[in-house]
Amino acid sequence: MNLIKLFDTQAVLDEHIMQEHPELRGQNNLDWKLLALQVELGECANEWRGFKKWSKDQEPRVYKKETHYVDVPTDNPNWIERKDIGEVRNPLLEEYVDCLHFILSIGLEHAFNDIAEDLEIEPLKERDITQQFTALMRTDWEIYEEWKGGYYHEGLELFIGLGEMLGFTWEQVEDAYYAKNKVNHERQNAGY
């Protein structure tokens, strides 16, 4: 995992957003980023479906390329090859990397990128995926301890642990992140 490269890439996107929305400069942007992260975590949990104990359909959705409307570039790595059904789109991975965008952006607000390579960052895992999501929702991303990272550091480790628990490799995550980052730049250019 190249966390510094991810932070650098996110910083470019954040600056692009500031250029397109200059009213955001000089104000507290942490609050709306925290809310956006909570929303994205909820969307990620919804795509996972495992908490829906009232439903018999608790498996994440995947879409076959030839039968589903393609709303992302066809070279997007969210389309992955599965031996059992062919090439598919993975909305769970898409939502996971949407969360990653906001986690990195929040880290930039805290200047976590300045100390990230000096810290040991290891996946932190709860007993099961439901508890992992719950722990992430409870994480106080606002608290940051200089040169330690505080709860932000713990939240990042929980998030990395969630990715592993969902079965993603870090290579898949990074590929999907960079592809979605490109889409996000295109959206800013288009007046999104």
Side-chain angles (χ1 to χ4, degrees), residues 1-20 29-30 33-34 36-38 40-41 43-44 47-48 60 72-82 88-126 129 132-133 135-136 139-189:
M1 165 180 33
N2 188 339
L3 199 53
I4 300 305
K5 183 179 176 191
L6 288 167
F7 275 120
D8 291 346
T9 303
Q10 186 64 42
V12 172
L13 177 60
D14 285 2
E15 179 55 31
H16 191 172
I17 291 168
M18 290 293 169
Q19 289 173 2
E20 296 296 321
N29 291 306
L30 188 57
K33 290 179 183 184
L34 292 168
L37 174 58
Q38 294 293 318
E40 293 298 341
L41 283 168
E43 290 177 6
C44 187
E47 287 297 340
W48 168 59
V72 293
T74 55
D75 63 344
N76 188 312
N78 290 326
W79 287 99
I80 56 177
E81 185 70 27
R82 275 195 27 191
V88 296
R89 183 177 138 228
N90 188 339
L92 179 57
L93 179 57
E94 292 173 22
E95 294 301 339
Y96 184 83
V97 299
D98 285 348
C99 294
L100 181 58
H101 275 86
F102 285 105
I103 288 172
L104 293 168
S105 190
I106 291 165
L108 290 167
E109 293 282 333
H110 290 310
F112 188 81
N113 53 310
D114 292 340
I115 65 166
E117 66 185 345
D118 296 329
L119 292 176
E120 192 171 313
I121 299 174
E122 297 292 329
L124 184 59
K125 296 178 186 174
E126 296 290 329
I129 295 174
Q132 194 78 6
F133 272 111
L136 278 162
T139 298
D140 192 343
W141 297 92
E142 290 181 81
I143 297 179
Y144 176 80
E145 298 168 346
E146 198 164 340
W147 302 114
K148 294 181 184 175
Y151 293 123
Y152 177 85
H153 184 180
E154 180 181 319
L156 180 60
E157 290 181 328
L158 282 166
F159 185 73
I160 292 168
L162 174 65
E164 289 184 2
M165 293 170 85
L166 293 173
F168 302 136
T169 67
W170 196 252
E171 181 181 4
Q172 286 176 311
V173 171
E174 283 186 335
D175 288 348
Y177 171 83
Y178 291 119
K180 183 61 183 275
N181 189 277
K182 180 181 174 186
V183 168
N184 287 340
H185 278 286
E186 291 167 358
R187 286 176 172 174
Q188 289 302 310
N189 290 336

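Numbers here are sequence positions counted from 1.
Annotation: side chain of Leu34 is not in contact with side chain of Gln38 (no heavy-atom distance under 4.5 Å). Taking the side chain as every heavy atom from C-beta outward, Lys33 and Leu37 never approach each other to under 4.5 Å. Residues Thr139 and Phe159 are not in side-chain contact: their nearest non-hydrogen atoms beyond the backbone lie 4.5 Å or more apart. Within the 4.5 Å cutoff, the side chain of Leu13 has heavy atoms near those of the Ile17 side chain. At a threshold of 4.5 Å between non-hydrogen side-chain atoms, the residues Met18 and Asn29 count as touching. Leu119 has its side chain within reach of Phe112: a pair of non-hydrogen atoms, C-beta onward, lies under 4.5 Å apart. At least one side-chain heavy atom of Glu164 sits under 4.5 Å from a side-chain heavy atom of Pro123. Considering only heavy atoms from C-beta on, Ile160 comes within 4.5 Å of Met1 through its side chain.
Side-chain atoms of Ser105 and Asp14 form a donor-acceptor pair, as typed in the model, at a separation below 3.5 Å. Neither side chain, Tyr151 nor Glu142, offers a donor N or O lying under 3.5 Å from an acceptor on the other. Counting only N and O atoms by type, the side chains of Asn189 and His16 include a donor and acceptor under 3.5 Å apart.
Gln132 and Leu162 get closest at one heavy-atom pair: NE2-N, 3.5 Å. Taking each heavy atom of Asp118 and Asp114 in turn, the nearest pair found is OD2-O, 4.5 Å. Across every non-hydrogen atom of Glu154 and Leu124, the tightest pair is CG-CD2, 3.8 Å. Considering every non-hydrogen atom in both Ile121 and Ala116, the closest pair reads CD1-O, 4.1 Å.
The CD atom of Gln10 sits 6.5 Å away from atom CG of Leu108, with the distance rounded to the nearest 0.5 Å. With rounding to the nearest 0.5 Å, the separation of CD1 in Ile129 from CG in Leu166 is 5.0 Å. Once rounded to the nearest 0.5 Å, the distance linking OH of Tyr177 with SG of Cys99 reads 13.0 Å. Separating the SG atom in Cys44 from the CG atom in Asp98 is a distance of 9.0 Å, to the nearest 0.5 Å. Atom CG of Leu92 and atom CH2 of Trp48 lie 9.5 Å apart (nearest 0.5 Å). To the nearest 0.5 Å, atom CG of residue Leu136 and atom CD of residue Glu126 are 8.5 Å apart.
Annotation: cation-pi pair Lys5/Tyr178 present, NZ/CZ under 6.0 Å from the ring centroid and within 45° of its normal.
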Step by step, would you call Leu6 with Glu174 a side-chain contact (heavy atoms from CB on, under 4.5 Å)?
CA-CA 8 Å; Leu6 288 167; Glu174 283 186 335; 4.1 Å; yes
Trace of the side-chain hydrogen bond (donor to acceptor under 3.5 Å, both in side chains) decision for Glu40 with Tyr96
CA-CA 8 Å; Glu40 293 298 341; Tyr96 184 83; over 6 Å; no
Would Leu30 and His110 count as a side-chain contact (heavy atoms from CB on, under 4.5 Å) if you check the C-alpha gap in whole Å, the side-chain angles of each, and the deciding distance to 0.1 Å?
CA-CA 9 Å; Leu30 188 57; His110 290 310; 4.0 Å; yes
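A donor-acceptor pair under 3.5 Å is formed between the side chain of Gln172 and the backbone N or O of Thr169. Glu95 contributes no side-chain N or O that, together with a main-chain N or O of Glu43, makes up a donor-acceptor pair within less than 3.5 Å.
The pair Lys180-Glu94 does not meet the salt-bridge criterion, since no charged nitrogen lies less than 4.0 angstrom from a carboxylate oxygen.
Under the 30°/60° scheme for interplanar angles, the aromatic rings of Tyr152 and Trp141 are found to stand perpendicular.
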